[in-house]
Amino acid sequence: MLEALDIFTQANFWAATLRIATPLIFGVLGALLCERAGVLNLGIEGIFVAGAMSGWLAVYLGLPLWGGVAVAAFTGALFGLIHGVLTVPLGLSQHVTGIGVTLLATSVAYFGYRVAFPNVATPPRIEPFAPLDLPLLGDLPFIGPILGQQTAFTVFAFLCVGVVAVVLARTPLGLALRAVGDNPEAVEAQGLSVVALRIGAVMAGSALMALGGAFLTLSAFNAFYFGMINGRGWVCIALTVFASWRPGKALLGALLFGALDAYQLRIQTIAGGVVPSQIFLMLPYIVSIAALVLVARRADYPRALMKPYFKGQR
Amino acid sequence: MHPDPRPLVLSLSGITKRFGPLTANDHIDLDIRAGEIVALLGENGAGKTTLMSILFGHYVADEGAIHIADEAGRLAPLPGGSAEAALAAGIGMVHQHFALAENLTGFENIVLGTQSLWSFGLGRREARAKIARLVAESGLAVDLDVPVARLSVGEQQRIEILKALYRDVRVLILDEPTAVLTPQEADGLVATVRKLAAKGLAVIFISHKLHEVLALCERVAVLRGGAKVADRPTAGADRATLAELMVGRAIPQRERPPSTPGAPVLSLKEVSVGNPGQRDRLENASLDVRAGELVGIAGVSGNGQGALAGLVAGLAAARAGEVTLDGQRLTSADPAGRVTAHVGRIPEDRHRDGTIGALSVAENYVLESIGDPENQCGGFIRRGDIRVRAAEMIRAYDVRCPGPDAAIRALSGGNMQKVVLARALEGEPRLVLAHQPTRGLDIGATTDVHRRLIAARARGAAVLLISEDLDELFVLSDRIAVVHAGHLSPAMEAASLDVRTVGLMMAGHTAGEAA
């Protein structure tokens with residue numbers, strides 16, 4: 001029993017929590033941006049895959065690591081553009097289009113990988129982001145080892161949380177974004193373009209989602225595998241509701257999920273003999289569902305979420 | 001006539017807009033001067049909305065031109081089809097359905113779209129100062145720092161007007177601004193509009209309420225069938241002449257013959273509906289509606305009307321208290337039971353609750369009686385018989401539609417309501433529940449609904465009328481009760497009440513304070 005609690009005192013556990021949470025932070029921020037503007041983006045799972053693949057491929061072909069990050073973001077924005085054009089001016093079903101984008105992005109990524117590497121036994125590797133070498137912080141007890149295991153990519157994720165929070169709360173752009181997800185007529189009546197705002201938000205959100213994928217191939221691992229996204233995108237969709245569409249709570253939710261996942265990996269080795277490991281694998285998801293049941297019943301969905309807007313039609 | 005010395009701010013000339021075979025606007029001319037308050041009157045479909053949409057850039061006119069004064073007072077043509085250009089030229093519009101983002105605060109709604117999207121920060125200090133000045137000038141006091149969703153409808157409307165003023169409008173269009181307000185709030189609005197006009201703002205006031213038009217506006221333009229049929233000063237006009245201009249024929253006065261009420265048909269004794277947390281609930285409500293009597297329920301919508309209507313219609317059950325219908329106790333929510341108990345129900349939202357849009361007129365007509373032997377035989381619908389009876393109904397109620405097989409969603413609101421009315425009244429119900437039966441209908445259709453309700457009362461039915469329109473309540477009701485925040489006042493003789501008293505009670509005063 002004590003061993004189970006002991007996990008929380010290990011720097012390793014907290015380091016893993018941050019590492020697991022990072023792609024989720026990007027994903028939730030991306031989903032939140034899209035949904036705040038009124039568009040559900042179920043393309044997230046596929047955009048994760050496309051971001052992981054394109055970012056990694058760019059670095060493999062010789063670009064610097066941050067160049068790979070940029071390529072991933074660009075890829076995400078491109079799929080966001082597809083989703084945005086289909087759902088905003090054309091007003092197609094956001095569910096169906098989103099699933100379509102996920103299938104398309106996943107397949108294109110896998111296809112591209114197969115074309116580039118037809119006959120490899122082991123996946124080709126790159127040199128990923130190195131752990132941070134922190135001059136003063138690194139020497140702190142407990143905190144030092146936790147931070148020392150992180151990469152600049154994780155720091156970037158935390159920066160993004162701040163940027164998105166400030167933009168949403170304190171700039172005219174954020175104001176327009178929040179308004180367009182609540183009442184597009186209000187935005188139109190003030191002379192702003194609903195279509196431009198929504199497509200812009202979906203593209204920016206999708207770029208962030210793709211960064212979540214790129215973190216896996218450029219920082220957490222050093223290669224691209226099939227099936228490596230493994231539902232992380234869908235988790236982000238649920239975490240967005242959990243976060244009530246707020247960047248700060250999104251960070252909290254991602255960290256919580258990361259901690260649960262890190263915990264279940266460790267408790268498996270302790271109690272694995274007695275309890276089947278699948279039970280522990282389920283743990284983060286069960287807790288997520290339970291948290292959603294508690295939180296989402298009172299969730300304050302953006303009022304115009306999933307409602308297409310056509311100009312001049314009331 | 002002296003020429004008006006005030007400068008022209010807006011001039012529409014020869015505005016024409018066609019939608020296929022329909023001419024929505026037919027060569028309309030309209031001039032408005034600074035400081036003038038002009039009413040735009042017309043029935044639904046007369047072309048008011050189209051004209052305003054053209055002015056505001058939502059539609060492009062097929063013919064004609066709009067000229068608007070620039071800051072120096074020179075008239076310049078307004079490019080069509082651009083809301084941005086209309087805003088920049090100083091045209092502001094307060095829609096009947098507010099264009100507010102409810103998750104934002106009033107302040108944020110006002111400044112939305114007034115700064116470059118790529119600028120940083122919200123320029124709060126200058127914006128605040130300007131808004132404070134506007135509030136002081138107009139008297140539109142409202143809390144600007146809570147999400148708009150938490151404000152009352154009247155407060156939201158103030159935000160809407162401030163939003164327009166913040167953009168330095170020279171022409172302000174108010175679309176049915178008083179439809180959602182209590183009489184006192186409406187008085188406040190009228191005072192504000194006068195103040196603004198005195199400072200040189202030109203106001204276009206769109207309304208159905210003729211007495212407001214007469215009280216507020218100096219000139220009235222009347223549209224009928226897409227064309228302007230009158231443009232005259234309000235001085236010397238009265239309600240009857242304006243109504244006649246709108247409809248094109250004299251409006252028959254609604255007559256309410258005296259009737260002697262019988263025994264109570266619907267009786268509520270200390271009934272509570274809904275959770276205490278809800279606003280739309282009832283607490284300890286008592287009410288009798290007697291045979292041959294029409295009882296009106298006044299109140300700003302959302303104060304308990306929904307709970308009352310749900311209770312009577314069988315959609316909700318009472319949490320406490322006793323409800324009886326013709327002496328039978330009603331204990332559970334049982335909509336089908338209400339049908340068999342002969343309750344005719346006219347729901348508030350005919351699109352959502354009153355009809356099924358995809359079904360035909362005939363099918364909607366028999367929805368409540370589809371199980372009767374005359375409508376089905378062994379589980380199969382008697383299509384032929386239903387169609388014949390629906391065709392009879394269409395004649396009797398003068399429903400304008402292609403025929404019994406037309407999908408009901410293709411009908412106009414007034415014609416749809418006639419079908420709902422026919423269904424509710426066909427079995428000669430003991431009790432008629434009419435919840436906002438004339439909302440959104442024009443004068444012709446409204447008169448028709450009123451006639452039918454009076455006829456049901458004359459036949460000996462008990463009629464419960466829930467309405468926000470005080471004129472309607474005073475014309476039709478024998479007794480009136482007021483509901484506010486879930487509390488239902490005792491029903492009082494309509495003849496002993498006046499609009500002011502009822503207005504105060506709608507705002508939460510008791511009958512004693514109000515009198």
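We name chains A, B, ... by the order of the sequence lines, and we start the count at 1 in each one.
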Completion exercise
So the side chain to side chain donor-acceptor pair (under 3.5 Å) pairs with at least one residue in residues 159-175 of chain A (sequence neighbours excluded) are none
With a 4.5 angstrom heavy-atom cut-off, is it the side chain or the backbone of [X] that approaches chain A, or both, or neither?
| X | answer |
| --- | --- |
| Ser116(B) | backbone |
| Ser53(B) | neither |
| Ile91(B) | neither |

Problem - Interatomic spacing from CG in Leu175(A) to OG1 in Thr105(B) - rounded to 0.5 Å - result: 7.5 Å
Problem - chain B contact residues among residues 158-169 of chain A, heavy-atom distance under 4.5 Å - result: Val166(A), Ala169(A)
Do the side chains of [Y] and [X] get nearer than 4.5 Å, heavy atoms only?
| X | Y | result |
| --- | --- | --- |
| Arg178(A) | Leu104(B) | yes |
| Glu185(A) | His95(B) | no |
| Leu197(A) | Leu117(B) | yes |

Problem - More than 12 heavy atoms from other groups under 6.0 Å of CZ on Phe19(B) - result: yes
Handout entry: Within residues 145-167 of chain B, residues adjacent to chain A where the heavy-atom gap is under 4.5 Å
Key = Lys163(B), Arg167(B)
Problem - Counterpart residues, side-chain contact (heavy atoms from CB on, under 4.5 Å), relative to Cys236(A) (two or more places apart) - result: Leu24(A), Val28(A), Ile44(A), Phe48(A)
Looking only at non-hydrogen atoms, find the nearest pair between [X] and [Y] and report the distance.
| X | Y | result |
| --- | --- | --- |
| Ala101(B) | Ala186(A) | N-CB, 3.8 Å |
| Glu84(B) | Gly191(A) | CG-O, 3.2 Å |
| Leu112(B) | Gln190(A) | O-NE2, 3.1 Å |

Exercise for the section: Would you mind checking which part of Leu192(A) comes under 4.5 Å of any heavy atom in chain B, side chain (CB onward), backbone (N, CA, C, O), both or neither? Expected result: side chain
Handout entry: Side chain Asn183(A), main chain Leu100(B), donor-acceptor under 3.5 Å
Key = yes
